[in-house]
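As the structure is a computational prediction, the values presented were derived from the model and not from experiment.
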Amino acid sequence: MASIKQARERLPSAFISRLQEVFPAPLVDQILDGLSRDRRPTLRINTLKADGRAVMRALAQAGIKFERVLWYPEALVIKEKKEKDLEALPLYQEGQIYLQSLSSMLPPLFLQPRPGEKVLDLAAAPGSKTTQLAALMKNRGFILANDSNPIRLERLRFNLRRQGVEIAQVRCGDGTTLGREYPAFFDKVLLDAPCSGEGLFLVGQPRTWRHWTVKLVARMAARQKKLLASGLRALRPGGTLVYSTCTLSPEENEEVVAWALTQFPGELEVLEPPLCPPGSLPGLTALPERELPPSLCRTRRILPSSTMEGFFLAVLRRVPGSAQNPLPAPEGP
């Protein structure tokens, strides 16, 4: 485990400066402390294939210690073992468990898909959230799992098969066109957007942060706006969209949501999240140089820790009664 001092010395100086501009000093220290810690393995019990009690008995018999997660009964935090130890288990190889970070489990829980619904996973590969969506839907309904990367899509298909998902159709293509192809079609949309990955930084592992630049943040924000506009156009009136990232920058988080509210005035509302796990804070409603919509206090930022990656989540609803008023094509970011 690194120290906060080492985090300040090792992580990109521009990243540290941006944190200090946006967050108060104690919160900056808390973020850097979280990025300095080794993260413990976490897993999700796949209810399409396994019973939770049986999985926990099997783990105990294999000598693997764990803690249950209070806000999600299917999630476990593993003690004193690494992911490779879990990957050797029949439980893993048979798809009864899925190795997944706790933060990554939040977007499907925030979306609350129900059996029988039509759900779009706009950036689905490698399938962590798609398989979780199917489990929450009890393999009843329809999921369109889209991704633009053919190599990652092969991993998605593999994970869907291993996890026993029967309701997902895989699509390889540009997610920004789906709103035109499926206007007002889906009951729920999940956009776990490609991002700069700041919430995944590990101070002691330079490969997790060497790629980062300020230009990358700007490039990702522009891409996120196009994907979000597409997802909103694919959402039926009264439907719900969850927008999430694994980054900390307001440009990719609150500012993207604020942009959508401006582009689609009167068509969207920000909902309260269905749960607030430990380490979560309300979204920002002001930045150093400008105010943001007050409703962004209903979004959630997850702070990095030994069990959680840094994350951001927003729950958006398309206002009912807009069926005769399709969402317009947004202006460019």
Original post:
Using a distance-only test with no angle check, is there a side-chain donor-acceptor pair under 3.5 angstrom linking Q96 and N46?
Top reply: no

**OP:** Find the distance between OG1 (T240) and CD (Q112) and round it off to the nearest 0.5 Å.
**Re:** 8.0 Å

Subject >> Non-hydrogen side-chain atoms of Q132 and R44 separated by less than 4.5 Å >> reply: yes

Subject >> Smallest separation among heavy atoms of P194 and L227, with atom names >> reply: CD-CD1, 3.7 Å

**OP:** Might you point out which heavy atoms bring V119 and F186 nearest each other, and give the distance in Å?
**Re:** C-CD2, 3.6 Å

**OP:** Working to the nearest 0.5 Å, report the span between CD of Q6 and CG of L32.
**Re:** 12.0 Å

**OP:** Determine, stepwise, if the pair V165 / L48 fulfils side chain to side chain contact (heavy atoms under 4.5 Å, CB included).
**Re:** CA-CA 8 Å; V165 175; L48 295 179; 4.2 Å; yes

Subject >> Point-to-point distance, once rounded to the nearest 0.5 Å, from CZ of R318 to CG of L268 >> reply: 8.5 Å

Original post:
For L303 and L27, what are the C-alpha separation, side-chain angles and deciding distance, and is it a side chain to side chain contact (heavy atoms under 4.5 Å, CB included)?
Top reply: CA-CA 9 Å; L303 299 183; L27 192 55; 3.5 Å; yes

Original post:
Is the side chain of R301 donor-acceptor paired with the backbone N or O of G283 at a distance under 3.5 Å, no angle test?
Top reply: no

Subject >> Presence of salt bridge, E267 and R233, under 4.0 angstrom >> reply: no

**OP:** Before accepting this row, confirm whether a basic side-chain N of the pair E83/R40 lies closer than 4.0 Å to the acidic partner's carboxylate O.
**Re:** no

**OP:** Give the minimum heavy-atom separation between E291 and A286, together with the two atoms involved.
**Re:** OE1-CB, 3.7 Å

Subject >> Positive for salt bridge (charged side-chain N to carboxylate O under 4.0 Å, His left out) with E117, one of K188, K138, R236 >> reply: K188

**OP:** Decide whether V77 and L109 are clustered together by the hydrophobic rule: side chain heavy atoms of Ile, Leu, Val, Met, Phe, Trp, Tyr closer than 4.5 Å, transitively.
**Re:** yes

Original post:
Can E252 and S196 be counted as having a side-chain donor-acceptor contact under 3.5 angstrom?
Top reply: yes

**OP:** Kindly give the heavy-atom pair with the smallest separation between L133 and P113, and that separation in Å.
**Re:** CD2-CG, 3.7 Å

Original post:
Does NZ or CZ of R162 lie under 6.0 Å from the centre of the six-membered ring of Y92, at an angle within 45° of the ring axis?
Top reply: yes

Original post:
Within a strict 4.5 Å, meaning less than it, do heavy atoms of the T42 and Q100 side chains meet?
Top reply: no

**OP:** Verify, without hydrogens or angle tests, whether D187 (side chain) and G239 (backbone) share a donor-acceptor contact under 3.5 angstrom.
**Re:** no

Original post:
Would you say the side chain of N146 lies within less than 4.5 Å of the side chain of L178, judging by non-hydrogen atoms?
Top reply: yes

**OP:** Indicate yes or no: at least one non-hydrogen side-chain atom of L271 is less than 4.5 angstrom from one of F110.
**Re:** no

Original post:
Between CG of L202 and CH2 of W209, what distance do you get to the nearest 0.5 Å?
Top reply: 11.0 Å

Original post:
Does D33 use its side chain to pair, donor to acceptor, with the backbone of D29 at less than 3.5 Å?
Top reply: no

Subject >> Expected output: side-chain D85 to main-chain K82 donor-acceptor under 3.5 Å >> reply: yes

Subject >> Carboxylate-amine/guanidinium proximity below 4.0 Å for K226 and D174 >> reply: no

Original post:
Taking the side chain from T247 and the backbone from E198, do they hold a donor-acceptor pair closer than 3.5 Å?
Top reply: yes

**OP:** State, yes or no, whether a side-chain contact exists between C195 and Q224 at a heavy-atom distance under 4.5 Å.
**Re:** yes

Original post:
Name the one of S103, P273, S244, S280 that satisfies side-chain contact (heavy atoms from CB on, under 4.5 Å) with L313?
Top reply: S244

**OP:** Could you give me the CA-CA distance, side-chain angles and deciding distance for L106 and L275, then say whether side chain to side chain contact (heavy atoms under 4.5 Å, CB included) is met?
**Re:** CA-CA 9 Å; L106 288 171; L275 63 114; 3.8 Å; yes

Original post:
Is it true that the side chains of T131 and Y98 contain a donor and an acceptor less than 3.5 Å apart?
Top reply: no

Subject >> In one Ile/Leu/Val/Met/Phe/Trp/Tyr side-chain cluster, 4.5 Å: L91, V69 >> reply: no

**OP:** Report the C-alpha distance between D192 and K129 in whole Å, list the side-chain angles of each, state the deciding distance to 0.1 Å, and finish with yes or no for salt bridge (charged side-chain N to carboxylate O under 4.0 Å, His left out).
**Re:** CA-CA 9 Å; D192 186 52; K129 299 170 187 68; 3.0 Å; yes

Original post:
Are V256 and V214 connected in a single hydrophobic cluster, I mean Ile/Leu/Val/Met/Phe/Trp/Tyr linked by side-chain heavy atoms less than 4.5 Å apart?
Top reply: yes

**OP:** Quick one: closest heavy-atom pair of N253 and S249, and the distance?
**Re:** ND2-O, 3.1 Å

Original post:
Between E154 and R157, is the closest basic N to carboxylate O distance under 4.0 Å?
Top reply: yes

Subject >> ILVMFWY network linking L86 to I45, side-chain heavy atoms under 4.5 angstrom >> reply: yes

**OP:** Check whether any side-chain heavy atom of L76 sits under 4.5 Å from a side-chain heavy atom of L59, and report yes or no.
**Re:** yes

Subject >> Flag, side chain of S230 to backbone of G179, donor-acceptor distance under 3.5 Å >> reply: yes

Subject >> Distance-minimising heavy-atom pair for V189 and G231 >> reply: CG2-O, 3.8 Å

**OP:** Compute the ring centroids of F201 and F15, then answer whether they are less than 6.0 Å apart.
**Re:** yes

**OP:** Could you check whether the rings of Y243 and F312 sit parallel, tilted or perpendicular, using 30° and 60° as the cut-offs?
**Re:** perpendicular

Subject >> Cluster overlap L120 with L111, hydrophobic side-chain contacts below 4.5 Å >> reply: no

Original post:
Do C172 and D147 come close enough that some side-chain heavy atom pair is under 4.5 Å?
Top reply: no

Original post:
Are any non-hydrogen side-chain atoms of L248 and I31 less than 4.5 angstrom apart?
Top reply: yes

Original post:
To the nearest 0.5 Å, what is the distance between CG (L89) and CD1 (I97)?
Top reply: 5.5 Å

Subject >> Side chains of D121 and T130, donor plus acceptor under 3.5 Å >> reply: yes

Original post:
Can a cation-pi geometry be assigned to K79 and F66, taking NZ or CZ under 6.0 Å from the six-membered ring centre and within 45° of the ring axis?
Top reply: no

**OP:** Any chance you could lay out the side chain to side chain contact (heavy atoms under 4.5 Å, CB included) test for I143 and M137, step after step, and finish with the verdict?
**Re:** CA-CA 10 Å; I143 300 173; M137 296 167 69; 3.9 Å; yes

Subject >> From T299 atom OG1 to L292 atom CG, the distance as rounded to the nearest 0.5 Å >> reply: 9.5 Å

**OP:** Keeping the roles fixed (side chain from K118, backbone from F185), state whether a donor-acceptor pair exists under 3.5 Å.
**Re:** yes

